[in-house]
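Everything quoted here is computed from the prediction, not taken from an experiment. Counting starts at 1 for both ligands and their atoms, in listed order.
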Amino acid sequence: MAFWLAIMIWAVTLSSVLLFTQGGFHLPEAISDAARRIDAQFALTLAATGVAFVLAQGLLGLFIIQYRERRGRIARYLHGNTMIEAGGAVVVGTVFITLAVLGQKVWAELHLQGTPQGALAIEITGEQFAWNIRYPGPDGQFGRVSPALYDPAANPVGILPDDPSGKDDIVTMNTLTVPAGRPVELRLRAKDVIHSFFMPVLRIKQDAVPGMEIPLRFKAEKVGSYEIACAELCGLGHYRMRGTLEVVEPARFESWLAEQAGPSESSPDPANP
Ligand SMILES: [Cu+2]
C-alpha cells in the first residue's frame, strides 16, 4: 500500500514538472527591457521553487515507504531533529531573501523611482467598462479634473473648463498610442471601482484605485499592436474592458498626436497679440 501511494505521489510530481517544462504555457513576447528582466526573475523563481517541489515530493514518497506500518506496528519513527529543522529554515530563508533582492531593482524602476528624463506623461482613467486615455497636449500639462464634471460624452475625465492647461488635453478611449523607445509615465486612476491595467507584453499589471493616482513607468521597444486587459473583475461588463497598446515609430507618434489635437488653435489672442 505504502509503495503505491509513494509511486502515485512521484507520478503526480513528474507530470506537474512536465506540464511546466513541456506544456507550452507562456506569455507573449516581451517588448521591453524591464519585461525581459521580469521574465528572467520569473524563470529563476520557478526553477528554485521547482527544485524544492521535486525534492520535497521525492522525500515524501521515500518517507512513506521507510516509515510505513509493518506487521501491525510502526517499525521506525523519528522524534524531530533540531539541526534539520533549523537548517531547513535557514536554507529556505536564504533562497527567498536572495530572490527578493534580485527582483527588487526592476520592481523599483517600474514603481518607485522618479520620472525618467524625457518621459511622456499619459493619464489612464478606468471606468466601468473602458479606459480613458489622456495626453497633456502641446503644453505638457494636464488640466485639473473633478469627478463632479464627469460626462461620458463631452468630458469623460471631468477636466475643469476654467483651467487653461486643460484646453489642449487630448482624451481618447481604449487605445493607448505610445512612441517606441521613449520612456512613458502612466498615471493610473479610476472613476468608480478598482480596475487593473494589464499589458501582458510589458509584464505590467497594476490596480487603478478610485481616489488614488498611481504612477507606472515603461519603455516599449517594439512597434506593434498589443493587448490591454482589465485584470480585476469590476462588474458585469468586465469581459469587454479591453484596449489596445499601439507602439509606433516616434515620428508617426508626433503626427498622430498633432492629428488628435485637431486644427491648430494658434489664432492670435485678441487681448494679447
Ligand atoms: Cu475593469
* To do: Check which protein N, O or S atoms are less than 2.8 Å from the Cu ion (ligand 1) and report how many there are.
  =>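 That number is 4, waters not included.
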* To do: Taking Asn132 for its side chain and Val157 for its backbone only, find out whether a donor-acceptor pair lies under 3.5 Å.
  =>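 No, the answer is negative, given that no donor and acceptor are paired below the 3.5 Å cut-off.
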* **Salt-bridge present (Glu221, Arg36; N to O < 4.0 Å)** =>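 Between Arg36 and Glu221 there is a salt bridge, with a charged N closer than 4.0 Å to a carboxylate O.
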* **Passing candidate, salt bridge (Lys or Arg N to Asp or Glu O under 4.0 Å) with Arg144, options Asp163, Asp169, Asp162** =>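 Exactly one candidate clears the test, Asp163.
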* Between atom CG of Leu186 and atom CZ of Phe218, what is the distance when rounded to the nearest 0.5 Å? ->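 One finds 4.5 Å between CG of Leu186 and CZ of Phe218.
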* Side chain proximity check, Arg134 to Val171, heavy atoms < 4.5 angstrom ->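 Heavy-atom side-chain distance check passes, below 4.5 Å.
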* Verdict with reasoning, Val106 to Gln41, per side chain to side chain contact (heavy atoms under 4.5 Å, CB included) -> CA-CA 9 Å; Val106 61; Gln41 178 73 22; 5.7 Å; no
